Amino acid sequence: MPEKDDVTAVMEKAHQYGQGHVFKYWDELNDSEKQQLLNQIKAVDFELLRRLADEHILEPAEQSVAGVLEPAEIIPIPDSDELLQKADSAGKTGEKLLRDGKVAALLVSGGQGTRLGFDGPKGKFPAGPLSNKTLFQLHAEKIIAMQRRYKTTIPWYIMTSETNDAETREFFEENKYFGLNKKDVIFFTQRMIPAMDENGKFILDSKHHIFTNPNGHGGTLFSLYDSGSLADMKKRGVEEIFYFQVDNVLLRMCDPVFLGYHVQDNAEMSSKVVPKKHPMEKVGVLGIMDGRLSVVEYSDLSEAEMKATNPDGSLKYDGGNIAIHILNLKFVEELVTGKLRLPYHVAHKKIPYLDEAGQLVEPKKPNGYKFEMFIFDALPFTNDSVVMEVVRDDEFSPIKNATGDDSPATAKQDLMNHHARMLTKAGVQVPFDSEGNVKGSVEISSLFALDERDLKEKIDKTFVFRDNLFLE
Ligand code: UTP
């Protein structure tokens with residue numbers, strides 16, 4: 001039975017902020033349901049939510065005048081001896097960092113994967129083209145391979161959210177952490193934030209629960225700190241944090257060249273980018289906005305900016321953000337213990353709600369607003385930052401949608417093509433069609449070969465690729 005004083009104080013506060021309706025069914029609830037609702041409401045930052053309702057729903061400001069945008073400096077894909085030498089030297093620096101145990105991997109996996117429509121954490125999605133290995137397993141095997149190569153430990157921090165934490169942990173437990181040491185896989189949970197309807201009111205999705213969503217991947221920085229994971233990293237001697245998202249099947253785990261450039265520049269937060277597929281591609285680009293490095297979302301770019309070119313004809317704003325970053329641990333610590341406030345982005349979405357009769361309704365069109373923070377909004381806080389261009393076909397193919405672009409089908413094909421090119425580079429003849437797709441099927445486990453360097457050592461050049469190859 002919740003304490004009476006406690007109940008009164010929480011109810012008063014909710015009323016004071018115009019959210020008293022969340023207690024509409026209070027008298028129908030049993031003790032445990034009352035406690036659940038109370039706990040949920042207690043955790044709400046009412047001031048923040050009031051501000052968000054005012055700014056984004058009730059009195060949205062006119063679109064702010066766009067600032068002055070300039071291109072960011074980008075390390076290009078090496079195409080000269082000089083650049084190759086620089087990359088080589090960066091790689092050596094990064095490798096030392098890995099050998100010295102100063103790198104942690106940080107996976108954000110708290111999202112809800114609504115576009116994919118998969119039931120469960122997206123990391124459980126089977127993405128191996130032949131093996132059907134899950135995204136979690138593909139990432140885990142890369143970490144194991146890197147640990148072996150550099151005789152090191154790369155502690156792996158995984159951010160979940162309330163919606164998938166238990167299921168994610170269970171999955172790792174059931175799968176014996178895919179061969180990793182349990183003590184080096186650390187889970188932490190991000191915060192949730194209430195969504196609001198068209199009138200800025202919280203939305204009940206059951207009589208004792210308001211609808212909340214994970215607070216976006218920008219929430220990572222705060223939750224790393226709150227959960228004690230940042231302190232744990234420090235205790236382990238970690239200095240740099242390699243950030244990645246769950247759905248990219250081509251992720252190059254803890255890339256030493258990227259790490260090397262980042263530390264050689266004393267960078268605080270660095271980013272990988274890929275050239276856009278075409279000028280109007282709907283992707284955020286790295287640019288300097290009003291003097292600060294930022295990711296400028298495509299919706300904030302004018303058509304002229306999207307199509308603007310340099311004197312040599314190349315696109316002026318061509319560094320597409322692929323959400324792979326390195327964050328310096330001290331930088332994160334300073335941000336979260338300082339005055340860091342990341343902006344909230346709002347999205348108009350379909351949110352389940354209780355109708356007048358108390359029945360759950362799944363709306364057919366958007367009926368409310370969700371709020372999220374984005375990790376890349378930490379970039380303007382940096383003084384030094386590296387932006388490194390990489391080959392999309394080798395490093396970025398996310399699973400976002402059920403079909404079409406960025407779907408399981410494209411990701412699996414991209415992974416097979418990547419593995420086929422690894423074989424080619426290792427000296428094996430592999431046929432491709434006119435679109436660059438391998439003729440046949442191929443999958444190479446990271447435990448067999450992380451890249452062509454490993455493959456060259458393991459595979460005989462006389463090896464003949466037929467049409468189906470799985471190397472494990
Ligand atoms: P997306 O923005 O693509 O979201 O997340 P999503 O949840 O995977 O898919 P949709 O938009 O609902 O269809 C990119 C990465 O950020 C993580 C996701 O798990 C994914 O790895 N993420 C997103 C979080 O960890 N927390 C969040 O609140 C949002």
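Given the structure is predicted, the values throughout are model-derived calculations rather than measurements. Remember, it's 1-based here, ligands and their atoms both numbered in the order they're listed.
Taking all atoms of both residues into account, the shortest heavy-atom contact from Pro275 to Arg392 is O-NH2, 3.2 Å. Annotation for Leu250 and Lys142: closest pair C-NZ, 3.9 Å, computed over non-hydrogen atoms. The nearest pair of heavy atoms linking Pro155 to Val238 is CG-CG2, 4.0 Å.
Considering Glu239, Glu240, Glu95 in turn, Glu239 is the only one that fulfils the salt bridge (charged side-chain N to carboxylate O under 4.0 Å, His left out) rule with Lys102.
The contact set between ligand 1 and Lys400, taken as ligand atoms under 4.0 Å from a residue heavy atom, comprises 1 (P), 3 (O), 14 (C). Residue Lys122 has at least one heavy-atom neighbour below 4.0 Å for each of these atoms of ligand 1: 8 (O). Those atoms of ligand 1 that come under 4.0 Å of a heavy atom in Gly216, given as number and element, are 26 (N), 27 (C), 28 (O), 29 (C). Per-residue contacts place Val246 under 4.0 angstrom from the following atoms of ligand 1 (heavy atoms of the residue considered): 21 (O).
When the shell of 6.0 Å around NZ of Lys24 is examined, it contains more than 12 heavy atoms from other residues, nucleotides or ligands. Annotation: Phe222, atom CZ; neighbour count of heavy atoms from other residues, nucleotides and ligands within 6.0 Å is above 12.
Of the polar atoms of Met159, none of the N or O atoms is found under 3.5 Å from an N or O of ligand 1, judged by distance alone. The N/O atoms of Val108, backbone and side chain alike, include one that comes under 3.5 Å of an N/O atom in ligand 1. At a 3.5 angstrom cut-off on N or O pairs, Arg115 counts as close to ligand 1.
Using a 4.0 Å cut-off between heavy atoms, Ser109 contacts ligand 1 through its backbone alone, with no side-chain atom that close.
Among residues two or more places apart in sequence or in another chain, the side chain to side chain donor-acceptor pair (under 3.5 Å) test is passed with His56 by none.
In terms of protein heavy atoms, atom 12 (O) of ligand 1 is closest to Thr114 OG1, 2.5 Å. Scanning the protein heavy atoms around atom 19 (O) of ligand 1, the nearest turns out to be Gly111 N, 2.9 Å. Distance from atom 25 (O) of ligand 1 to its nearest protein heavy atom, with residue and atom name: Gly110 N, 2.7 Å. From the protein, the heavy atom lying nearest to atom 26 (N) of ligand 1 is Gln190 OE1, 2.7 Å. Nearest to atom 6 (P) of ligand 1 among the protein's heavy atoms is Gly113 N, 3.6 Å.
With contacts defined as side-chain heavy-atom distances shorter than 4.5 Å, the pair Thr153/Gln147 qualifies.
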Yes or no on side chain to side chain donor-acceptor pair (under 3.5 Å) for His262 and Asn328, after CA distance, side-chain angles and deciding distance? CA-CA 9 Å; His262 167 86; Asn328 176 266; 5.0 Å; no

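Residue nearest to atom 7 (O) of ligand 1, selected from Gln112, His217, Gln245: Gln112 (by heavy-atom distance).
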